[in-house]
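Below, chain A is the first sequence line, B the second, and so on; all start at residue 1.
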Amino acid sequence: MNMPYSKEVDRKWQKIWEDSKLYKFNPKNVDKKLYVLEMFSYPSGSKLHVGHWYNYGLSDSWARMKRMQGYEIFQPMGFDAFGLPAENFAIKTGIHPHDSTMQNIETMEKQLKEMGATFDWDYEVITCLPEYYKWNQWLFLTLYKTGLAYRKEAPVNWCPKCNTVLANEQVVDGHCERCETDVTKKNLTQWFFKITDYAQELLDKLEDLDWPEKTKKIQTNWIGRSEGAEIEFKVADQDISFKVFTTRADTLMGVTYVVLAPENELVAKLTTEENKKAVAEYQDATKKITEIDRLSTTKEKTGVFTGSYAIHPINGQKVEIWIADYVLGSYGTGCVMAVPAHDERDFEFAEKYKLPINRVIKGKDGANDALPFGEYGILVNSGQFDGLTSEEGKIQLVEKLAEQNKGQLKINYRLRDWLVSRQRYWGTPIPVIHCEKCGAVPVPEKDLPVLLPYDVEFAPDGESPLKKSAEFMNVACPSCGGPGQREADTLDTFVCSSWYHLRYPDNKNKDQAFNTEWINKMLPVDKYIGGAEHAAMHLLYARFINKALRDAGYVNFDEPYTSLIHQGTILGPDGLRMSKSKGNVISPDVYIDEYGSDVFRMYLAFGFSYIEGGPWSDDGIKSMSRFANRVERIVERSKELAGITGKTEMGKEEKELNFVRHMAIKGVTKDAEIFQFNTSIAKLMELLNALYKYEADVENKNIALFQDAINDLLRLLSPFAPHFTEEMWEALGNKGSIFNEKWPVWDENAMIKDVVEIAIQVNGKVKGRMEIPTSAEQQEIEKMVMENDEVKDMLEGKQIAKIIVIKNRLVNIVVK
RNA sequence: GCGGAUUUGGCGGAAUGGCAGACGCGCUAGACUUAGGAUCUAGUGUCAACGACGUGGAGGUUCAAGUCCUCUAAUCCGCACCA
């Protein structure tokens, strides 16, 4: 007995699927594997929101289609379970992060199952459990061994009132998000991953990826390759020299001063006695300025003179050495040659502090070259280099410098090394022991995991929470056996998410993070689906880790994610991002209770362009319910006709129905392939409309055709409405899951019509229509059109210049 | 400031350079009905309506432009003193 579609139908089939293990990945079929991965989610306390349904529901539809097309789908799910929100929640409520996180995971698993997605839960990965983070620690050690993990001093955001380190997202307009205090900087020794070693490859390999162009562009900018030169300046009267990086070596002869970043190590040596006070004050002031203010382009430039002079590497002139916060310590060499005539920033600075401004470039062919003139031109006031173009000057000046070992061409990247230390509790402990004698010693692999202790005071008080657990901290040095202290910082959660796709297919492995031979068969991920907000960080980190593991011999492929899709964002009804504080959050639950999960899924598929997203509106969700009802009724009709022998001929109506049927198969197959679910559903509606039309118009039916078309409709619809179509499939008396059926294949021949209506244009404007046999060739079409009486009337007294015939579409007659 | 994307009926959204507005919502009229927030049928870009005009705006290429090119505006996103 079959029921009208509702939530109960969802539950019925979810149970059948689970009992029959329908969606278990079969490793024997690895040659047909398709690794479909949705970015795993953070186990938040609230229920699944519309975004989860939109992301996971629709990519599941895609996976279901691929399954029916014969792929062995590997579609795992897991949880990115470490991170700040659980820790903050704990500080507020006293509920331990582990307890709240595991509770949330349980709830989310249940809800994800109710969505009816084909996740294979046997391969679940939860990052906050030792069986995962043990291997996260292994990853750290592997990078350490290969020289890709290192320690150096780096500033953290520091709230002096809360006495704690703040993540960037906790700094709001330079203030602590909790207490509004001005945030300052504090230097700590922290761990970094050397992603910059891979800058060039990360850039080069982008080309081969099937990723959105926009995302590639974001990564390109993020890596920020720039070609220039490094030029050495000697300091007058001292045995010190420093290098500057410039992309405009052609302007070298216009250098009138040089600027160092205030935090540059050389500053102490270069500062003369009478300037010490001013320099020290300026350095202090820089430290207090928040990153955001310092990086603001609108801020007036400031700086102080160090008292020292540098020697121009070509003309030998003495130029002043300044420090200024518009020069960044972290980019290039942290030193800049200032050419005020040809750089806006230097110009502004030079005017303010009355530094000389020398023009060395003039515009080509009388271009407006008012100073500051930043464009390329012709070199002037540059001695032997006068008359060269900027392009030539860049090369020749550097060649000249190279002869004297004072300069060379150089490529710089904006990309910085990845800071992975976090002064937090709820994360993977960094597997390092600090020993007075031996320094930082990695924890031997056999001692992994370094367990995260449960009983820890993690309220913020200025220390990493783990530091307060004596039991955790005090340990023998693995190297000398003397007293040691564990590293108290934890790893950035982006480390967890940078390789989780490697753990999924081998998640039970107790001896290794993953088995290389197996992983080389299962990876790379064939289709990766997730939000565009991860375009820069997560996706770049994962690519880097993949390359690092490849070079260490653990994987044999270059890139983790071959093909990437970003789903759009469903906004609140007001067009703004949904958030509790704005009160515009839409809960899917109400709709699911009323209509069932499939109607909701179909509505998400139909109502939005998947890649765009858009503001939520439930106008039209009823139409999906109506659509399901209409399908139900046509299935009923099909059942009534069972056993009756109809005609077998293919008349006009039959051909028309068959045409729409095959158009739908082709359309849905092609559109869904590229995640165009809205047009896929539209084509199914057209097929349903055609079925109704046939049913109403034709007395003596070709029942076999009618029923075949309904079968196709159900199979095409099944990825979008899995529970509903299973129910319908069963109602028709079929045995077994519809998802074990083959995906329909279209027949091009069925899509050839006998006659087609084409448009008759005169000078590009539609003036009439004509029915033309599709078999007619260009010349025949032209003849038929030109002999038509109406066309003759239209062309009365006009001179025909040209006739354009586009087969099956139109004829355009160009007249004078 | 730099880079990228988007802009199509009342609405969500379709259109390999080839009949703009598929499909759906909404709306209008009708049918059925005790009833209708159900269902079915028909219609629905705009206007001064037998025609003309229509894809943010202005030019251009083409027999033909929503689609290609140039300029421009608005919105969104990314980067942001990167030497």
Side-chain angles (χ1 to χ4, degrees), chain A residues 212-222 224-226 228-229 231 244-249 251 258-259 261 292 294-301 324-328 330-339 342-346 348-349 374 412-416 532-533 535-536 569 571 575 603 606-609 611-612 614-627 629-630 633 667 671 676 678-689 692 696 757-769 801-815:
Chain A
E213 285 306 316
K214 189 178 162 189
T215 305
K216 292 193 198 181
K217 192 81 192 175
I218 289 172
Q219 293 217 344
T220 305
N221 291 342
W222 193 270
R225 179 187 153 107
S226 97
I231 297 172
V244 302
F245 176 73
T246 177
T247 52
R248 291 298 303 273
T251 64
V258 294
V259 191
I292 291 126
R294 182 166 168 186
L295 294 183
S296 155
T297 352
T298 51
K299 182 178 143 287
E300 198 186 336
K301 298 197 173 8
D325 64 6
Y326 80 90
V327 174
L328 308 175
S330 51
Y331 182 76
T333 60
C335 312
V336 162
M337 63 178 217
V339 187
H342 304 292
D343 182 284
E344 264 181 58
R345 295 155 297 173
D346 298 344
E348 188 191 328
F349 193 80
N412 242 319
Y413 300 92
R414 190 176 309 187
L415 184 68
R416 310 290 155 79
E533 67 274 17
T569 313
L571 305 168
Y603 179 62
F606 181 64
F608 305 85
S609 152
I611 292 166
E612 300 288 322
W616 172 259
S617 148
D618 60 8
D619 290 352
I621 192 164
K622 280 211 183 83
S623 76
M624 292 319 305
S625 183
R626 185 176 320 164
F627 175 63
N629 289 337
R630 275 163 61 84
R633 270 184 276 133
D671 289 353
Q676 276 197 25
N678 51 351
T679 49
S680 303
I681 302 277
K683 274 152 196 165
L684 291 172
M685 289 172 166
E686 286 180 64
L687 175 54
L688 184 64
N689 290 344
Y692 267 89
E757 190 185 66
I758 65 163
I760 310 298
Q761 296 183 334
V762 176
N763 285 350
K765 293 203 161 46
V766 180
K767 294 288 179 187
R769 291 168 212 288
K802 205 176 185 181
I803 299 171
I804 314 272
V805 179
I806 309 293
K807 209 166 175 293
N808 295 345
R809 287 194 186 270
L810 55 78
V811 171
N812 187 12
I813 304 160
V814 186
V815 297

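At a threshold of 4.0 angstrom between heavy atoms, the contacts of A:Lys683 with the nucleic acid are absent. Nucleic acid contact class of A:Val814 (heavy atoms, under 4.0 Å, all strands): sugar-phosphate only. Among the atoms of the strands shown, none is found under 4.0 Å from any heavy atom of A:Asn763.
Between the side chain of A:Arg345 and the base of B:rC82 there is no donor-acceptor pair of N/O atoms closer than 3.5 Å. For A:Asn221 against B:rC79, a side-chain-to-base donor-acceptor contact under 3.5 Å is absent. Judged by distance alone, with hydrogens and angles left aside, A:Lys301 brings a side-chain donor or acceptor within reach of the base of B:rC81, the pair sitting under 3.5 Å.
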| request: Heavy atoms under 4.0 Å is the rule here; annotate nucleotides 11-17 of chain B 5' to 3' with B where the base is hit, S where only the sugar-phosphate is, and - elsewhere. | output: -BSSSB-

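If you measure from atom CD1 of A:Ile804 to atom C1' of B:rU62, you get 10 Å, rounded to the nearest angstrom.
Using C1' as the reference atom, B:rC71 and B:rC81 are 30 Å apart when rounded to the nearest Å. Taking atom C1' on both B:rG56 and B:rG66, the two are 12 Å apart, rounded to the nearest angstrom. Across B:rC23 and B:rU44, the matching C1' atoms stand 15 Å from one another, rounded to whole Å.
Pair check for B:rU34 finds none; no Watson-Crick or G-U wobble contact set falls under 3.5 Å.
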